[in-house]
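For reference, the structure discussed in these notes is given below.
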Number of protein chains: 2
Amino acid sequence: MRRVTTVTNTRELAHPAREEIRLEGILHALSDPMRMRVVRALATTEDELSCSHFVLPVTKSTTTHHFRVLRESGVIQQVYRGTAKMNGLRRADLDALFPGLLDSILEAASREAGRLGDEA
Amino acid sequence: MRRVTTVTNTRELAHPAREEIRLEGILHALSDPMRMRVVRALATTEDELSCSHFVLPVTKSTTTHHFRVLRESGVIQQVYRGTAKMNGLRRADLDALFPGLLDSILEAASREAGRLGDEA
DNA sequence: CGCTTCGTACGATAGCTCTCGTAGTACGGG
DNA sequence: CCCGTACTACGAGAGCTATCGTACGAAGCG
């Protein structure tokens, strides 16, 4: 029952620092179809998207799990905004660490989607 | 006891066709340190390298396992040459499917290795 | 103060995966 | 024909992972 005086958010989320991000972790995170889907959606916009914005064919707890994997691997950043949890790609960090990598992977994903008829 | 009349190799290895290669599978294959190590070594040369050329800190059966994962995901091609099994990157196929992807990942791996002091 | 919406925590389960050891097959050389 | 080298197959174990369901907490709305 601790009272909070600030208007802003209390719930904090642990993110790896830029230097802690590992290529291995990124590749692993993106090797799951659900997570790749999320990242591709995030890449299409500058805005942050809420978790509930995504409609994945899995339950909500599983979705939470995937977002956590993405956050802990350093691919996305998450912040609470009211009841919603907003998600954004860590573009600056990823580009600084591995220039061109994210774009190559996104391009590859897009290519494959097109090739397999998923479109987009 | 089947006798073979041909002089060339009998043992065939199953490889995915180019169109069967999946990005997901590639990323997963490369998200393992041992396998990334192998791929990085293969990328440094045009030649094919035998499995025994690699000295990984795991047993031989584990090594066999990793090579199989790489082959089945379409990252490498393998062929028997006498008692040896030669390995080569499937550069042409990968570049055709996902232009720039392999190089970006290799570059990222190299960057991280440098950053972490592994050198090379 | 309830109610709703959004997301989390926890426990469970099935399946995969990395690892090993042992036993075995294929090839080439003497 | 036997032996050594190179790699495989199989079985097993420990650990991770994707998934679910249920129960819960946090924020906002009326």
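In what follows, every chain begins at residue 1, and chains take the letters A, B, ... in the order their sequences are listed. Remember, predicted model here, so these are calculated numbers, not experimental data. Keep in mind that the numbers below use all heavy atoms, side chains included, and drop hydrogens, waters and symmetry copies.
- In this entry the distance linking CG of A:Leu70 with P of D:dT17 reads 13 Å, nearest Å.
- Under the 3.5 Å distance criterion, the side-chain polar atoms of A:Ser110 are left unmatched by any main-chain donor or acceptor of A:Leu106.
- Summarising the geometry, the separation between OH on B:Tyr80 and C1' on D:dT5 is reported as 14 Å, rounded to the nearest angstrom.
- Atom C1' of nucleotide C:dT19 and atom CG of B:Asp32 are separated by 11 Å, given to the nearest angstrom.
- Rounded to an integer number of Å, the gap from B:Gln78 CD to D:dA6 P is 16 Å.
- Minimum atom distance to the side chain of A:Met34 is reached by D:dT19, of the listed C:dC20, D:dT19, C:dG28.
- Checking C:dT19, D:dT19, C:dT5 against the side-chain heavy atoms of A:His66 singles out D:dT19 as nearest.
- One interatomic measurement links the two molecules: CZ of A:Arg37 to P of D:dA18, which rounds to 15 Å at whole-angstrom precision.
- For the pair A:Leu13 CG and C:dG7 C1', the interatomic distance rounds to 11 Å; values are reported in whole Å.
- Side-chain to base pairing of A:Ser61 with D:dG21: one donor and one acceptor N or O lie within less than 3.5 Å of each other.
- In this structure, NZ of A:Lys60 is placed 11 Å from C1' of C:dT4, rounded to the nearest angstrom.
- OP1 or OP2 of C:dG7 lies within a sub-4.0 Å distance of a side-chain N or O belonging to A:Ser52.
- Counting only heavy atoms from C-beta outward, the side chains of A:Pro99 and B:Arg111 approach each other to under 4.5 Å.
- One atom, CE of B:Met36, and another, P of C:dC18, lie 14 Å apart when rounded to the nearest Å.
- Under the 4.0 Å criterion applied to side-chain N and carboxylate O atoms, A:Arg91 and A:Asp103 are assigned as salt-bridge partners.
- Taking only side-chain nitrogens and oxygens, A:Arg68 comes nearer than 4.0 Å to OP1 or OP2 of C:dA9.
- Ranked by how close their nearest DNA chain D nucleotide is to the 5' end, A:Val58 and B:Met86 are led by B:Met86.
- Taken from OG in A:Ser73 to CG in A:Leu30, the straight-line distance is 7.0 Å, to the nearest 0.5 Å.
- Side-chain to base pairing of A:Thr64 with C:dG7: no donor and acceptor N or O lie closer than 3.5 Å to each other.
- In the set D:dC7, C:dT19, D:dC20, the nucleotide with an atom closest to the side chain of A:Thr59 is D:dC20.
- You'll find that the side chain of A:Cys51 is closest to C:dG7, out of D:dT19, C:dC20, C:dG7.
- Between B:Arg115 and A:Glu19 there is no salt bridge, since no side-chain nitrogen of the basic residue lies less than 4.0 Å from a carboxylate oxygen of the acidic one.
- In the hydrophobic cluster analysis, where Ile, Leu, Val, Met, Phe, Trp and Tyr join through side-chain heavy atoms closer than 4.5 angstrom, B:Val79 is grouped apart from B:Leu89.
- Remark: A:His65 pairs with A:Arg35, A:Val69 by the side-chain contact (heavy atoms from CB on, under 4.5 Å) rule, at least two apart or across chains.
- Residues of residues 21-28 of chain A that place a heavy atom closer than 4.0 Å to DNA chain C do not occur.
- Side-chain nitrogen and oxygen atoms of A:Thr62 include at least one within less than 4.0 Å of the OP1 or OP2 phosphate oxygen of D:dC20.
- At a threshold of 4.0 angstrom between heavy atoms, the contacts of B:His65 include nucleobase atoms, whether or not backbone atoms are also involved.
- Within the structure, every side-chain polar atom (N or O) of A:Arg81 is placed at least 4.0 Å from both OP1 and OP2 of D:dA27.
- Defined by atom type and a distance below 3.5 Å, a donor-acceptor pair is present between the side-chain atoms of B:Asn87 and B:Gln78.
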